[in-house]
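A short write-up of the structure that comes next.
Computed from a predicted model, the values in this text were never measured in an experiment. Sequence lines set the chain letters: A, B, ... in the order given, protein chains first and strands last, and positions in each chain run from 1.
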Amino acid sequence: MNSAPKHPEQPDIRLMQGNRACAEAALAAGMRFFAGYPITPSSEIADFLASALPRHGGSFIQMEDEIASMGAVLGASLTGVKAMTATSGPGFSLKQELIGYAALCEIPCVIVNVQRGGPSTGLPTSPAQSDVMQSKWGSHGDYPMVVLAPSSVKETYELTIQAFNFAEMLRTPVILLSDEITGHLYEKITIPPPEAVPVITRRSPRVAPNASYKPYLPNEPDLVPDIPDIGTGFHFHTTGLIHTPDGFPTREPEEVRALITRLHDKINSRKHEICLYEERNTGDAELILCSFGASSRSCFQVVEDARKEGRKIGGIGLKTLWPFPDFIFHKLSSSVKAILVCEMNCGHIIGEVERVCEGRCRVEGLGKCTGTMITPSEIENAIKRIK
Amino acid sequence: MIPEFEKFKGFKAKSIPKDEPLAPGHRACQGCGEVLALRMVMKALGRDVIVCSATGCMEIITTPYPHTAWRVPWIHIAFENAAAVASGVESARKVLKRKGRIPKKHIDIMAVGGDGATGDIGLQWISGAFERGHDFLYVCLDNEAYMNTGVQRSGCTPYGAMTTTSPPGSESFGQVTWKKNVPAIAVAHNIPYVATASPAYYLDLMNKVKKAALVKGPAYVHIYSPCPTGWGSAGERSIEFSKLAVETKVFPLYEVIEGRYVMSRKITKPKPVSEYLKGQKRFRHLDEAHIDYIQKRVDADYEKLIKLSEMT
């Protein structure tokens, strides 16, 4: 591991891989438990944490499979330690049942998915952005999901910390949806000093253990309950069944509705806080290039080139994919002529953009599912087709 | 005694099949002990076989698009489910035979995986297939870590070994757990045939694979497979390490025929384990105390095996 800079007043500038930045940021966010399973292209995260976590007083376990990794993360988080796992497509598929469990039982955790081409074994060493819908709808049942997608090494660092903060603040699983390009990219990054990193930790019960404590009773106004860490004196029930505020199973329609809607409301009511994005030259733009992850790098390049030539093109880089930041598009769709959605898949985010724009502007897609990245020239060609 | 074994006289060095169901020209690393073992497995089985292959090194190096080294029907499944897919293939062939849709001729069905696919992620699927009693053989090619993803530890990684996820240093001495005894798990399913094999003893390996194919019901063969890339050993020494593993009692060769343990090679004058450990970068950080511990545990495990062979 790189040591801290010799002169503390100098910024800590490093050349770092995206996956490494994710692991470093997780440590900075207070993550002290990692359970994982080898899978390309995410293995570097586990490889680094295997040696780094013990030195930070944390614990690294390589589990026997992907499902077990997710199970260990839930156990560690329920016990009160910030926990994470990292995987890619096939492993992400296997983890889905327990991701739904985490959403229902309000277990804060971070799941990193460094996307590769699919379906199935797919393209283990090639990039894709085709797990966007799975990251929202992967587990069965109605549940909300927070999904962040970094586009650079720096953003990987920032969004990993953000992922832990959202997870702890909202008591929910958060998915960091990276991709093979961003994960394996080496870039310059300035590591912020620890005091500059905002770290949020889940609330504990504000009362002493007592028999009448209701672990799932929501607080106002954030609707997040103060669930005790297992083994801290509170005697309560954790179950994957639909439960009442005391944690016990219920089939009462009103109680079922109350839980399911609260799970959604605690996240959707704070959409403006959770939905992060980058806007460039959108003010007077006639055409907006919308993208996320590695693809947004190409989009912003095109925006930059176009502006030099006086073309009115702007860019939106989504950092939060779920909950979907519909408010951005509500506003934009009435001021621009067209939105071009660029993504390395057969069309995921474009469906959301179309839904929100409701025909107020043209929505076109540049979907690429070839296991290769979208280049600026391909975007230029797509722009020509629109005009 | 298993009736299917009666007619089988065993392979002879002079009459090893010349046919190569696994073609040369694949992309294995120099000195790969795993592909060598697989080549011998396929020579023993011949071409009347359907292979269900888990994700792993052998899958990748034999099938770089648009090429394939397989001259037999071959299915690549996911990481965990080779035994389950083999179960489906075997059951479907039974149905087709019953309906007269395919000839009654026997075709072997082999599921093959590495130590991760076998001992870790695929274990429950193998257990299910053994429990149901499908007529197939499962071959584990054990190179003692996840090599294809960059050398991460597995349940079959030996004690003390360095991998990227069991790094030695101030907080650890490498792999902290003892190698998982997967053959014993197979034996616990009361299947008719279990064996361990090594590419250094190729006739023994081929005979065991052939017996595993001949026997009715599930069979399991666990094959030691040196990995120069992952172990940090010289490619030209793979066979030497395979021999040393047997001679130091680190990887004993035996069969378990209907629950009866039979030692294939009794080691009366064992070499010290240190001879096996040196020359492999994955073990070079180990101190005397760890090597002593390994020696004691290897001796004890071997003693247990001898007792089992005397008991049954």
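- Within the 4.5 angstrom heavy-atom criterion, only side-chain atoms of A:T121, from C-beta onward, approach chain B.
- A:R116 and A:D179 are not joined by a salt bridge, as no carboxylate oxygen comes within less than 4.0 angstrom of a charged side-chain nitrogen.
- When A:Q62, A:E64, A:E66 are compared by the number of non-hydrogen pairs under 4.5 Å with chain B, A:Q62 comes out ahead.
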Task: Intermediate values then yes/no, salt bridge (Lys or Arg N to Asp or Glu O under 4.0 Å), B:D115 and B:K180 - done: CA-CA 10 Å; B:D115 48 299; B:K180 191 187 276 189; over 6 Å; no

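- For the pair B:H222 (side chain) and B:D142 (backbone), a donor-acceptor distance under 3.5 Å is absent.
- The pair B:E144-B:K179 meets the salt-bridge criterion, since a charged nitrogen lies less than 4.0 angstrom from a carboxylate oxygen.
- Your options are A:I39, A:T40, A:D65, A:L49, and the one with the most heavy-atom pairs under 4.5 Å with chain B is A:D65.
- For chain A, the nearby parts of B:T165 are the backbone and the side chain; heavy atoms of each come within less than 4.5 Å.
- Heavy-atom distances place no part of B:L123 under 4.5 Å from chain A, backbone and side chain included.
- Ion pairing of A:E44 with A:R20 is absent here, as no side-chain N (NZ or NE/NH1/NH2) approaches a carboxylate O to less than 4.0 Å.
- Neither the backbone nor the side chain of A:P90 comes within contact range of chain B; no heavy atoms are under 4.5 Å apart.
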